[in-house]
Number of protein chains: 2
Amino acid sequence: MINTALHEQAWSHPLLCKLGSIADLSDEEKQAILDLPVSVKVVEADIDIVQDGDRPSDCVLVLSGFVCRYKILPDGKRQIMGFYIPGDIPDLQSLQLDVMDNSVGALVRSSVALIPHRSLREMLRRFPNLNDILWRDTLIDAAMFREWMIGLGRRSAYQRIAHLLCELQVRLQTVGLAKVNGCELPITQNEFGDALGLSTVHVNRVLQDLRRDGLIVLRGSMLEIPDWEALQAVGEFDPTYLHLKK
Amino acid sequence: MINTALHEQAWSHPLLCKLGSIADLSDEEKQAILDLPVSVKVVEADIDIVQDGDRPSDCVLVLSGFVCRYKILPDGKRQIMGFYIPGDIPDLQSLQLDVMDNSVGALVRSSVALIPHRSLREMLRRFPNLNDILWRDTLIDAAMFREWMIGLGRRSAYQRIAHLLCELQVRLQTVGLAKVNGCELPITQNEFGDALGLSTVHVNRVLQDLRRDGLIVLRGSMLEIPDWEALQAVGEFDPTYLHLKK
DNA sequence: CGTGCCTTTGAATCTGATCAAATTAGGTGG
DNA sequence: CCACCTAATTTGATCAGATTCAAAGGCACG
């Protein structure tokens, strides 16, 4: 028997949507996730959700908006280490590592669900498969870091930006937040720079190059990708590292 | 009652040594690890242990030598994404992600233990705490990637090299492979470059700068760190991200 | 005592940073 | 609905860190 209520919620619950994109969930497991006690919180743009050095007792699930993981260096420079979208749990690591070694902040007004570690642990104990899936999720996170490392270390600014746009487009698509040929990206050029190890000025120039070459159309925060194959080729983007189910 | 045989082996078993540095292990858990069926294999320098695209059925535990995780780009460039030393399991991720998105290769003749996924999973099922500890280990791996990202994105070549030397010194110390003021690093300048996103030529020049400034003494593969505090300061090295027990 | 890998040196070049300032866009209050 | 304010984008000019190319030493190993 299919639980209709469950299936209706499933679509609307970003975490089910996201986890469903990387593994199969049984109805029982879905229900367990829906049963998690959460407190929803709205976070304004540029406000931290978790800070470097914190010892969180909850995990943060992004429900709407756009969030990033970053660290501020002694000289004030910022390195953004990942963008997180609805369905993501940017500080899932806090379940196993007591102290945060980076901050998580909102790029735009976002809503997040706080899930107590205690409830999460209890659920994982009851459903070992969910434990595996969340572990898997943190490993995919790590794979994204590695892919960014490759960009930072060995790819040109032009390739790096193309690659990041591809990654975001694919990830947004898996949670239904992108059209086939584009998406909304509320990320400033300054933030792109902090993520890709580039200056804002250079990001701006390279974006212009990408536009000139017909690889992207960018109006405000609306990204359109006229030729997906081409952009993918430029960015050497191969989605294998996202480990999505086919 | 303390099991003497266990305790003798514990010191010599690099995996116990390593896991012991990030979490507490009960005697039962230690014994379970020692009981893992392994097949030991010697790998020559510059030979791959696991390759990009593989679907491994074993995990690789480094017993001796020096190993790295890397990826080759379409244009032939290589990005090294991590160095692995005795006690490390560079492809632990393969337990949860079926296809490898990078290769693991030996930098020098190394010996590794192959541990079947099946045995590992069985052990983790019996000892949930070990499951947590291995998850934790992969999260620390991810934290190292992030720290490298910061270097690649925002730190100068001079800082980046200093930081890497600090990281390796600390990690080697935790498994008893470093003296207080130095260690052996069988890493060529070319490999440093591929790890840090620098050309071999530039690595060479920066190493000379570090020597000139009295921060390191490097003869062959022997690294000596005359002033740990100073090197740490230059590299902005803060070991928090390694999440070691105090 | 070669031979091959690794390190070192030199010179020219380039990608991307920095600094400074103008323009545009988005959001707010009158 | 417009004026204003701030944040974001864009432009120009100069500078620097790191790359590339080429070639010469050094060192270890057979």
Side-chain angles (χ1 to χ4, degrees), chain A residues 44-47 66 68 73 75-80 105-109 151-164 184-212 216-223 234, chain B residues 44-47 66 68 73 75-80 105-109 151-162 164 184-213 216-223 234:
Chain A
E44 297 303 320
D46 298 315
I47 299 296
F66 233 90
C68 78
L73 303 202
D75 61 359
K77 285 181 191 156
R78 171 175 67 167
Q79 176 68 45
I80 291 179
L107 293 176
V108 293
R109 166 192 272 259
L152 288 165
R154 290 291 176 217
R155 287 199 260 255
S156 68
Y158 192 78
Q159 294 180 292
R160 249 180 269 183
I161 294 185
H163 192 280
L164 178 54
E184 201 196 334
L185 290 182
I187 302 176
T188 67
Q189 295 182 4
N190 182 30
E191 286 153 359
F192 272 118
D194 284 347
L196 298 170
L198 300 169
S199 68
T200 310
V201 172
H202 203 234
V203 168
N204 181 274
R205 293 188 168 123
V206 173
L207 281 175
Q208 288 178 53
D209 292 343
L210 286 166
R211 279 190 272 227
R212 171 178 45 72
I216 61 171
V217 180
L218 200 53
R219 264 194 314 279
S221 61
M222 288 305 303
L223 169 70
V234 163
Chain B
E44 296 303 321
D46 299 314
I47 299 296
F66 233 89
C68 77
L73 302 203
D75 61 359
K77 285 181 192 155
R78 171 175 66 167
Q79 176 69 45
I80 292 179
L107 293 176
V108 292
R109 165 193 273 257
L152 288 165
R154 291 290 175 218
R155 288 199 260 255
S156 68
Y158 192 79
Q159 294 179 292
R160 248 181 269 183
I161 295 186
L164 178 54
E184 201 195 334
L185 290 181
I187 302 176
T188 67
Q189 295 182 2
N190 182 31
E191 286 153 357
F192 272 118
D194 284 346
L196 298 171
L198 300 169
S199 67
T200 310
V201 171
H202 202 233
V203 168
N204 181 273
R205 293 187 169 124
V206 174
L207 281 175
Q208 286 177 55
D209 292 343
L210 286 165
R211 279 190 273 226
R212 170 178 45 71
D213 298 343
I216 60 171
V217 180
L218 200 54
R219 263 193 314 277
S221 61
M222 288 305 303
L223 168 70
V234 164

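Letters A, B, ... are given to chains in the order of the sequence lines, protein chains preceding strands, and every chain is numbered from 1. Please read all numbers here as calculations on a predicted model, not as lab measurements.
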Legend entry - Verdict with reasoning, A/Tyr158 to A/Val234, per side chain to side chain contact (heavy atoms under 4.5 Å, CB included): CA-CA 8 Å; A/Tyr158 192 78; A/Val234 163; 3.6 Å; yes
Inset, instruction - Could you tell me from which nucleotide to which nucleotide of DNA chain C, 5' to 3', there is an atom under 4.0 Å from chain B heavy atoms? - result: C/dC6 to C/dA11
Legend entry - Listed partners of B/Arg154 passing salt bridge (charged side-chain N to carboxylate O under 4.0 Å, His left out), at least two apart: A/Asp194
Legend entry - Partners passing side chain to side chain donor-acceptor pair (under 3.5 Å) against B/Arg109 (at least two apart in sequence or in another chain): B/Glu44
Considering only nitrogen or oxygen atoms on both sides, find all protein atoms under 3.5 Å from nucleotides 27-29 of chain D and state each distance.
none

Legend entry - Those residues of residues 197-212 of chain B lying under 4.0 Å from DNA chain D by at least one heavy atom: B/Gly197, B/Leu198, B/Ser199, B/Val201, B/His202, B/Arg205
Legend entry - B/Leu196 side chain reached by B/Val203 side chain, heavy atoms, under 4.5 Å: no
Inset, instruction - Could you tell me whether the side chain of B/Gln79 and the main chain of B/Ala195 form a donor-acceptor pair under 3.5 Å? - result: yes
Legend entry - Nearest-Å distance for atom pair CG/C1', residues A/Leu218 and D/dT10: 13 Å
Inset, instruction - Rounded to the nearest angstrom, tell me the gap between atom CZ in A/Arg219 and atom P in D/dT10. - result: 13 Å
Legend entry - Contact list for DNA chain C against residues 152-162 of chain A - heavy-atom distance below 4.0 Å: A/Ser156, A/Ala157
Legend entry - Side chains of B/Ile216 and B/Leu207 in contact at under 4.5 Å (non-hydrogen atoms): yes
Inset, instruction - Figure out the CD1/P separation between A/Ile216 and D/dT9, and round it to whole Å. - result: 12 Å
Legend entry - Residue list, side chain to side chain contact (heavy atoms under 4.5 Å, CB included) with B/Thr188, at least two apart or on another chain: B/Asn190, B/Glu191
Inset, instruction - Kindly write out the residues that satisfy side chain to side chain donor-acceptor pair (under 3.5 Å) with A/Ser199, not counting sequence neighbours, or none if the list is empty. - result: none
Legend entry - Atom pair CG (A/Asp75) and OG (B/Ser156), whose distance is rounded to the nearest 0.5 Å: 9.5 Å
Inset, instruction - For B/Asn204, check side chain to side chain donor-acceptor pair (under 3.5 Å) against everything at least two apart and list the hits. - result: B/Gln189, B/Gln208
Legend entry - DNA chain C: 5'-proximal contact among A/Lys77 and A/Gly220 (nearest heavy atom): A/Lys77
Legend entry - Protein-nucleotide distance (B/Asp194, atom CG; D/dA18, atom P), rounded to Å: 16 Å
Legend entry - Inter-axis angle, terminal five-pair segments of the helix from C/dT7-D/dA24 to C/dG30-D/dC1 [nearest 10°]: 50°
Legend entry - Donor-acceptor pair, side chain of A/Arg160 and main chain of A/Arg155, under 3.5 angstrom: yes
Inset, instruction - Not counting sequence neighbours, which residues clear salt bridge (charged side-chain N to carboxylate O under 4.0 Å, His left out) with B/Asp213? List them please. - result: none
Inset, instruction - Side-chain contact test, heavy atoms from C-beta onward, threshold under 4.5 Å: evaluate it for B/Phe192 versus B/Leu185 and give yes or no. - result: yes
Inset, instruction - Could you tell me which residues satisfy salt bridge (charged side-chain N to carboxylate O under 4.0 Å, His left out) with A/Arg219, sequence neighbours excluded, listed by chain and number? - result: none
Inset, instruction - Please step through side chain to side chain contact (heavy atoms under 4.5 Å, CB included) for the pair A/Leu210 and A/Ile161, ending with a clear verdict. - result: CA-CA 9 Å; A/Leu210 286 166; A/Ile161 294 185; 3.6 Å; yes
